[in-house]
Amino acid sequence: MSLDLLIKNATLPDGRTGVDIACSGGLITAVEPAITADAARTIDADGQLVSTPFVDSHFHMDATLSLGLPRMNVSGTLLEGIALWGELKPILTVDAVVERALKYCDLAVSQGLLAIRSHVDVCDDNLTGVEALLEVKEKVKPYIDLQLVAFPQDGLYRSETAEKNLLKALDMGVDVVGGIPHFERTMDDGARSVKRLCEIAADRGLMVDLHCDESDDPLSRHIETLAYETQRLGLQGRTAGSHLTSMHSMDNYYVSKLLPLIAEADVQAIANPLINITLQGRHDSYPKRRGQTRVPEMRDYGINVSFGHDCVMDPWYSQGSGDMLEVASMGFHVAQMTSRADIRYAFDCATKHPAKALGLQGYGLEKGCKADMVLLQAADTIEAIRMKATRLAVVKAGKVICETPPRIATLSLAGRPETVNPAAYAPNEAG
């Protein structure tokens, strides 16, 4: 039988080398050495890394690429970003949001990013962002799995029409229930919002993903309520706490109680390293808090931790390129997770861990999985992060949808090599 695609001599994220990957009918049909079969296209990986696609478990696509509209965030703080977004919302149009979102999706594909969970603000009575991103979701369906979260940016109870709009957005086809309990007027309102949002999700059979405790305040403890409501309503594995930055300020005794509760409830944890390290600790002089939640401690408790990009060129963050390897790099640096195993774990936080958080079906590099993968100019996952490796080929459903030439520099130095390949600097022995 002729194959759609055959990738030869690949290295896989789990360390296997010399592996061939056969694809047919949109699925992986074999993963083994020395496959001999005709194929519409054959790619020699030449020992380089083939990975599952990158997955972004936390993003704001309704705001992406809007940097400078209507002005810049001068202070660089979370609260000014929220205020600036409030100024931008009244002048948003469906066409403009669609155009920017589709442009970002082009960039995402070029970076091997083929699944994204995007929060979309529902505190606009016109639901402009919702209408736009539902249109985008349909347009990019052939190449990006776009999951949408109904996000009451101004607070479920702080905004008078937020709950009505959230329910309407879910009726329109938005996938996940969102929230922002720490932005409510009181801690009690925050806890009440967690309860209500989880009940909505349970009634509708949906997942929950809350912006949870995105604060430097160690007394912002809505993740505890989320873990409780997850248990009470039988939502294990279907809820996620995004950001969780207050945990970097909590005392260790309380955290020693909290982490087992999160693990017991199977709440997914989503850190956003680039944004957390930028927005948090803004009221500190020195020493300054890092801002990122307790990733290694969560890992040790068996909590599924994933990384999100969160923002690209929007009111909260002026940088970003859709590169989940940059996110993974910041994640392990901030957490001081520098062992070889730690860095490999950071790669997983941008691939298989967020795939689990999103509930992606058929994700993997085994027979029967979807034939979605990325060929990187790197010897292994550690090297991929170190170099922010070039995506040589991006594959969706067994077809190459994006290709980039390898990054090779030409030197003009007497007595030195003519070219430099950054992938050739990998250690002699895999770590």
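Lys352 NZ: 12 or fewer foreign heavy atoms inside a 6.0 Å radius. With a 6.0 Å radius and a threshold of 12 heavy atoms from other residues, nucleotides or ligands, Lys89 has its NZ atom above the threshold. Atom NZ of Lys103 has 12 or fewer heavy atoms from other residues, nucleotides or ligands within 6.0 Å. The neighbour count for Glu87 CD, taken as heavy atoms of other residues, nucleotides or ligands under 6.0 Å away, is above 12. Counting heavy atoms of neighbouring residues, nucleotides and ligands inside a 6.0 Å radius, atom OH of Tyr228 does not exceed 12 of them.
For the 3.5 Å distance criterion, the side chains of Asn165 and Asp124 fail to qualify, holding no donor opposite an acceptor. Residues Asp216 and Gln280 bring a donor and an acceptor atom of their side chains to less than 3.5 Å of each other. Side-chain polar atoms of Asp209 and Ser242 form a donor-acceptor pair below 3.5 angstrom. Side chain to side chain, Ser24 and Thr29 fail the donor-acceptor criterion of an N or O pair below 3.5 Å. Ser220 and His182 are not linked by any side-chain donor-acceptor pair at a separation below 3.5 angstrom, with hydrogens and angles left out of the test. Side-chain contact of His119 with Asp62: a donor-acceptor pair under 3.5 Å is absent, judged by distance alone.
Ionic pairing of Lys388 and Asp323 is not present here: no N-O contact between side-chain nitrogen and carboxylate oxygen is shorter than 4.0 angstrom. Salt-bridge annotation for Glu199 and Arg232: present, with a side-chain N of the basic residue lying under 4.0 Å from a carboxylate O of the acidic one. Using a 4.0 Å cut-off between a side-chain N of Lys or Arg and a carboxylate O of Asp or Glu, Asp175 and Arg117 do not qualify as a salt bridge. Using a cutoff of 4.0 Å between basic side-chain nitrogens and carboxylate oxygens, Asp145 and Lys396 are scored as salt-bridged. Between Asp380 and Arg340 there is no salt bridge, since no side-chain N of the basic residue sits under 4.0 Å from a carboxylate O of the acidic one. Residues Arg192 and Asp189 are paired through a salt bridge, judged by an N-O separation under 4.0 Å between the basic side chain and the carboxylate. The pair Lys257-Glu224 meets the salt-bridge criterion, with a side-chain N (NZ, NE, NH1 or NH2) lying under 4.0 Å from an Asp/Glu carboxylate O.
With hydrogens and angles disregarded, a donor-acceptor distance shorter than 3.5 Å links the side chain of Arg238 to the backbone of Leu206. Side chain of His211 to main chain of Ile180: no donor-acceptor pair is present (N/O by atom type, distance under 3.5 Å, no hydrogens or angles). Of the possible donor and acceptor atoms, none in the side chain of Glu160 sits under 3.5 Å from a partner among the backbone N and O of Arg158. At distances below 3.5 Å, not a single donor-acceptor pair connects side-chain atoms of Lys139 with backbone N or O atoms of Glu135. Proximity of a side-chain donor or acceptor of Glu184 to a complementary backbone N or O of Leu156 within less than 3.5 Å is detected. With Asp314 contributing its side chain and Leu65 its backbone, the two residues share no donor-acceptor pair below 3.5 Å. The backbone N or O of Ser75 sits less than 3.5 Å from a side-chain atom of Glu80, completing a donor-acceptor pair. A donor-acceptor pair is defined here as one N or O able to donate and one able to accept, closer than 3.5 Å; such a pair exists between the side chain of Lys8 and the backbone of Ile35. Although no hydrogens or angles enter the test, the distance criterion places no donor-acceptor pair under 3.5 Å between the side chain of Gln377 and the main chain of Leu392. Remark: side-chain polar atoms of Gln268 are paired, donor with acceptor, to backbone N or O of Asp266 under 3.5 angstrom.
Using a 4.5 Å heavy-atom cutoff, the side chains of His58 and Val327 are not in contact. At least one side-chain heavy atom of His60 sits less than 4.5 Å from a side-chain heavy atom of Phe151. Under the 4.5 Å side-chain criterion, counting only non-hydrogen atoms from C-beta, Ser249 is not in contact with Asp217. For the pair Trp85 and Ile82, the minimum side-chain heavy-atom distance is 4.5 Å or more. Val31 is listed as a side-chain neighbour of Leu12, based on a closest heavy-atom distance under 4.5 Å. With a 4.5 Å cut-off on side-chain heavy atoms, Thr278 and Met330 do not count as touching.
Between Leu258 and the choices Met250, Glu297, Arg294, the side-chain contact (heavy atoms from CB on, under 4.5 Å) rule is met once, by Met250. Here the rule is side-chain contact (heavy atoms from CB on, under 4.5 Å) with Val177, and of Thr239, Leu167, Asp203, Leu170 only Leu170 fits it.
The structure places CD1 of Ile116 at 10.5 Å from CG of Leu148, a figure rounded to the nearest 0.5 Å. With rounding to the nearest 0.5 angstrom, the CZ atom of Arg344 is 11.0 Å from the CG atom of Asp14. Taking NZ of Lys164 as the reference point, atom OG of Ser159 lies at 9.5 Å (rounded to 0.5 Å). Annotation: the span from Leu113 atom CG to Ile144 atom CD1 amounts to 6.5 Å, rounded to 0.5 Å. Interatomic distance, Ser318 OG to Met313 CE, rounded to the nearest 0.5 Å: 8.0 Å. Atom OG1 of Thr293 is separated from atom CD of Glu214 by 11.5 Å, given to the nearest 0.5 angstrom.
Judged as a ring pair (Phe, Tyr, Trp, His ring centres under 6.0 Å), and not counting sequence neighbours, Phe307 has no contacts. Taking the side-chain contact (heavy atoms from CB on, under 4.5 Å) definition, one finds that Gln319 meets it with Tyr317, sequence neighbours left out.
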Worksheet item: Between Lys168 and Val130, is a side-chain contact (heavy atoms from CB on, under 4.5 Å) present by the stated rule, with each step listed?
Response: CA-CA 10 Å; Lys168 183 178 178 181; Val130 172; over 6 Å; no
Practice prompt. Go through the steps for Phe183 and Tyr157 under the test ring pair (Phe, Tyr, Trp, His ring centres under 6.0 Å), then give the verdict.
Written response: CA-CA 10 Å; Phe183 196 63; Tyr157 295 127; over 10 Å; no
Practice prompt. Please lay out, stage by stage, how Ser118 and Leu146 fare under the test side-chain contact (heavy atoms from CB on, under 4.5 Å).
Written response: CA-CA 7 Å; Ser118 175; Leu146 179 57; 4.1 Å; yes
